[in-house]
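No experiment lies behind these values; they were computed from the predicted model shown. Just so we're on the same page: letters track the sequence lines, and every chain starts at 1.
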Amino acid sequence: MNQPSKILSLTALGQQLRSGAITCRELIESQLAKVQRSNSSINALVSIDPESALAKADAIDRKLQDRQSLGALAGIPIAVKDNLCTRLGVTSCGSRMLKDFRSPYDAHVIEKLHEHDAIVFGKTNLDEFAMGGSTETSIFGPAHNPWDLERTCGGSSGGSAAAVAAGLVPASLGTDTGGSIRQPAAFCGLCGLKPTYGRVSRWGLVSYASSLDVAGVFAHSIQDIALVLQSIAGHDPRDSTCLPHEVPDYTSFVRNFEQIRSTRIGVIRQQIDSPGLDPSIRRSILEAIETYKNLGAQIVDIDMPHSKYCIATYYIIAPCEASSNLARYDGVHYGFRSKRPEASVLDRMIEQTRSEGFGPEVRRRILLGTYALSAGYYDAYYVQALRVRRLIRQDYDEAFAKVDVLLGPTTPNTAFKIGEKINDPIQLYLQDLFTVGANLAGVPAISIPIGHSPEGLPIGMQLQAPPLGEAKLLAIAEAYHQHVDYQPMVPPSFQAPVS
Amino acid sequence: MNRNAAEYRIVIGLEVHVQLKTETKLFCRCSTRFGQPPNSQVCPVCLGLPGALPVLNAHAIELACRAGAALSCTLADFTKWDRKNYFYPDLPKGYQTSQYDLPICAGGYVDIPITPSANPPGSHNVTKRIRLVRAHLEEDAGKSMHDEHSSRADSKIDLNRAGTPLLEIVSEPDLSSAEEAKTYLSELRLLMVYLGISDGNMQEGSLRADANVNLHIAQGDQWIATPIVEVKNLNSFRSVERAIEFETARQQSEFLRTGLAKGQAPKQTRGWNDVLGQTELQREKEEEADYRYFPCPDLVPVRLTELQKRNAHEQATQTPTQYRKELIDKHELKTTDAEILIQQGKPVVEYFLDSIRAGAPAKRMAAWMLQDVLRTLNDRSIGIELYPVSPKSMAQLLGAIEQGRVDTSQAKQAMAKLLEDPNLSVDAAIESLGIVRVDASQIENLCKELLAENADVIEKVKAGNHKAVAALVGQAKKKNRNADPRMVQEICLSLIAQMP
Ligand SMILES: [Zn+2]
């Protein structure tokens, strides 16, 4: 097996563009060629518009030549999950329901990318309406893991992860409702950040579960993550749940990672001792803990007594919100409408449209949520879940009174085979075991690559910080990568051919 | 069983939807203007497009608080938004954002005047207190327009109205006649319009009511309640009254026919058909519809500050009740006259009060308002803001009558001039009638002349008949048409008194 080759980071690409070592057109043409070559095997991008990408590249090149001031992401191609609304092309959410839907407006994060002169480079595959953990419920078919094409790249932001892992783009945007950025990042050997709830505006992020959804970033390095986060974070008056706080200079925090030497790191006992945890992941995590010890960090055992209820709580709250959020897809105003003859009567049209337009996992969650919100069940399910959510948040508050960050595995296992769990929802839901807590508590969390399993599959470590603690979170993650001299890798089969 | 259900009470509760007078919708920046081309006032939020999120319009909160203060409600410290989930084509999100268990206003009441016929004889100005359950904010739905004539039964939807802020005011079942219900609605409308909370335009649907109606029918020494019927779509005072009258008769005969009491028959929802003058069955359900209310996760709860509440109370003082008090107690208007002015709306009442502040005598001003001003407004189909005569001119004109400078008919002629030419001053208007001021010495000479010619009048006055001088007025006018009749009488009397 060949040694995976080094990959060019977003930060380095930016420098090359600015220095004139490459033109933006050259970069985009070469990335388009990679897409041509590789996308069919991983199914990461579901739509791409080469013409507009090249036109934008030429515009950037002109600005570079004229020495005009450019944004922090100037000329960088960034792929975005297909549940983020874009004026350009279709915003499908991986669903038959919106297969041809064109949004009349750009999501806030898309506006931000444009503002910083990035090139929005295609839309990425996802589980239908971001519901799933393997990108298998997409109308476009599953996305494949670049490290092993028979395996899933995780989900729901699987396409965004696969696109970066395969080198089609240096960074991408995903969304995270229960682990949908961190789990694919772990499976694909990437850094994946879920920011604090409300740190990034949800305007134009097609809602799955409003109180949990947040847009975030995939990239190879913490520095790259910081750069993109810097561009998309901040207050947006169009999202009432968006936080008004100032955006700190994340990139300089990351550069000053040395300052975190005396940090306190909490290890969640329940996660390390979890019987379902893959032994190779446990080993890697324990090694990472040793690394932090060597860095001078203080390791503290943390008890999160309510963490065992996270999955149950999540799978009440998310479907409840989803059942209402997805009610708008009724075939009346836009999107798919059933053409069956019985659909001539209004009620039957709505029923038929929703039965045909949604896939089985989306239907399952809508039914779950509808049931849990129904009279007579509401208190026992939804209200109870809100109560437990408060207790889980309390666990986090108490933990962060003692430590700066929490450390643990991102996933219980490495990337599984496509088709392996898709017919076993419970198994699939358990994938979110370590990740949903951060969504329920609204805290920022990152998954970073810390090694490979004996089969050569990437292993991710999750770090979680208090609300709005992204700067420290990124610095602590960077300290680890610096200490182990982490080098981002391209999976063997996606290394560029020798020219 | 005694089925002679002759004696009954009517029990009515009203749910009134008041459209708030905000420039923009409840959760987006689209205009709320009425009568625009279909779907011209829409955006991703009120269209319910994927990824669009609501942002609360603070003005709607301000108006709701003002309404709550005016209705003596308890304003919530903490209020939140809930989603009411149901499918309907004119509901683009598949849910309505409303308030379920923590409404912005709780309790409160409306005092309605009871009509004389319902009053015990001899009583005046009796009011009845209608208690309120609550008032909450919610967004309006769009409008479905069904083309029943088309062979395909085509439906079109206009979403201009979708997202318009409504305040739903729910009363206790304290109303006991169709007339009371109408009065209640009318009082509520007046209050909302006076306080600038709603434009109260019934034709444009700014005020819509649903009524919960049933009867309590006498059976021996018991009252049997008939099943509660919810009547929807009551968009005018007249339809509220007619629908309740219709329901009363219908429920009475239904009870006679079936004997079914409340709880023995499913709850009905009926729609009012204004053309046919009847209620029509829309839904019949054993159970309440399950709307699966839950807190809207896209919006943050609202905490009302003490300052907001204080402001609401300060802005809720100029109520019709307050104005009634001022007109009747302070300016001594007759109740019926005051009521006519009150019903004209706040600008008319303010015009009246401005005129008084400018010096117009209240009673004369009231008479002029009721006879002349309102007629002109009506004839010209204009509002008081376009009335050409200012309160100050009004005060001057009525002052000229008081001073005896003109008589009423002359004043009316002057008024006609002022209405024709708004730039004319009151003095110029009076002078243009050929009326010039006659000074007292001129009048005195005139009176001396008259008395010399009318010895019989002097005799009569001396005998104690002071009214006899009135006979001299006509003669005085013949000699000098500008002579003020009252002055002539006064001077003649004093001249006679000075005679030996
Ligand atoms: Zn709108």
Side-chain angles (χ1 to χ4, degrees), chain A residues 83-85 91 93 97-98 101 103-108 129 201-207 209-213 236-242 317 320-321 323-335 344 346-347 349-351 354 369-378 382-383 386, chain B residues 27-29 39 42-58 80-97 100-101 142 144 146 151-159 162 287-302:
Chain A
N83 63 346
L84 294 167
C85 289
T91 300
C93 294
M97 195 59 97
L98 293 177
F101 176 73
S103 171
Y105 72 101
D106 279 333
H108 177 80
F129 282 102
S201 167
R202 291 187 294 118
W203 175 256
L205 187 176
V206 180
S207 297
S210 309
S211 74
L212 304 161
D213 295 339
D236 172 16
R238 294 169 299 185
D239 174 3
S240 310
T241 61
C242 193
I317 291 174
C320 281
E321 293 183 11
S323 72
S324 175
N325 282 334
L326 272 68
R328 63 188 63 194
Y329 309 112
D330 56 6
V332 175
H333 300 274
Y334 53 81
S344 60
L346 179 73
D347 285 358
M349 186 281 278
I350 293 176
E351 272 175 42
R354 291 169 64 79
T370 305
Y371 179 82
L373 287 178
S374 297
Y377 300 99
Y378 180 79
Y382 185 72
V383 173
L386 289 187
Chain B
F27 297 117
C28 63
R29 301 278 183 83
N39 299 308
V42 291
C43 73
V45 178
C46 55
L47 287 174
L49 291 189
L53 298 170
V55 175
L56 176 63
N57 178 348
K80 66 177 174 74
W81 306 98
D82 300 285
R83 292 186 182 174
K84 180 180 182 179
N85 295 285
Y86 64 98
F87 288 105
Y88 205 73
D90 60 17
L91 193 70
K93 298 190 296 295
Y95 58 82
Q96 179 193 31
T97 309
Y100 183 54
D101 54 345
S144 298
H146 302 286
S151 58
R152 295 184 52 234
D154 230 7
S155 289
K156 293 193 166 78
I157 299 160
D158 177 7
L159 293 176
E287 297 161 41
E288 294 269 324
D290 187 356
Y291 291 116
R292 304 188 310 281
Y293 280 100
F294 80 109
C296 178
D298 288 329
L299 288 161
V300 287
V302 177

Note: vs chain A, highest number of non-hydrogen pairs under 4.5 angstrom among Ala52(B), Pro54(B), Cys28(B) is Ala52(B)
dist Asn85(B):CG -> Thr370(A):OG1 (nearest 0.5 Å) comes out at 8.0 Å
Honestly, the part of Asn325(A) sitting under 4.5 Å from a heavy atom of chain B is both
Scored by heavy-atom pairs under 4.5 Å with chain B, the best of Gly335(A), Pro237(A), Ser374(A) is Ser374(A)
The interface call for Val206(A) against chain B, heavy-atom contacts under 4.5 Å, is both
Checked Val55(B), Asp298(B), Leu91(B) vs chain A; the most non-hydrogen pairs under 4.5 Å come from Asp298(B)
Nearest heavy-atom approach of Pro44(B) to Trp203(A) is CB-CH2, 4.4 Å
Between Glu321(A) and Arg83(B) the two heavy atoms that sit nearest each other are O-NH1, 4.2 Å
If one checks every heavy atom of Leu47(B) against chain A at 4.5 Å, the contacting part turns out to be backbone
In terms of heavy-atom pairs under 4.5 Å with chain B, the winner among Leu326(A), Leu205(A), Leu386(A), Asp330(A) is Leu205(A)
### Message
What I'd like to find out is whether the side chain of Arg238(A) reaches to under 4.5 Å of the side chain of Val45(B), using heavy atoms alone.
### Response
no
Heavy atoms of Tyr334(A) and Gly48(B) approach each other most closely as OH-O, 2.6 Å
Cut-off 4.5 Å, heavy atoms of chain A, and the answer for Tyr86(B) is neither
Please answer whether the main-chain N or O of Cys43(B) pairs with a side-chain N or O of Tyr105(A) as donor and acceptor at a distance below 3.5 Å. no
Item to complete: Let me see the working for Leu53(B) and Ser210(A) under side-chain contact (heavy atoms from CB on, under 4.5 Å), right down to the final yes or no.
Response: CA-CA 10 Å; Leu53(B) 298 170; Ser210(A) 309; 5.7 Å; no
Would a distance-only check, ignoring hydrogens and angles, find a side-chain to backbone donor-acceptor pair under 3.5 Å from Tyr329(A) to Pro50(B)?
no
_For the backbone of Leu49(B) and the side chain of Arg328(A), can you confirm whether one donor and one acceptor N or O come within less than 3.5 Å of each other?_
yes
When rounded to the nearest 0.5 Å, the distance separating CG of Leu346(A) from OH of Tyr88(B) is 7.5 Å
OH (Tyr378(A)) and CG (Asp290(B)) are apart, to the nearest 0.5 Å, by 11.5 Å
The interface call for Phe87(B) against chain A, heavy-atom contacts under 4.5 Å, is side chain
Nearest heavy-atom contact between Ser240(A) and Leu299(B) is OG-CD2, 3.9 Å
Whatever's closer than 4.5 Å to a heavy atom in chain B on Cys320(A) counts as backbone
Residues passing the side chain to side chain contact (heavy atoms under 4.5 Å, CB included) test with Pro92(B), sequence neighbours excluded, are His333(A), Leu159(B)
Counting heavy-atom pairs under 4.5 angstrom with chain B, the leader among Ser211(A), Ser324(A), Ala375(A) is Ser324(A)
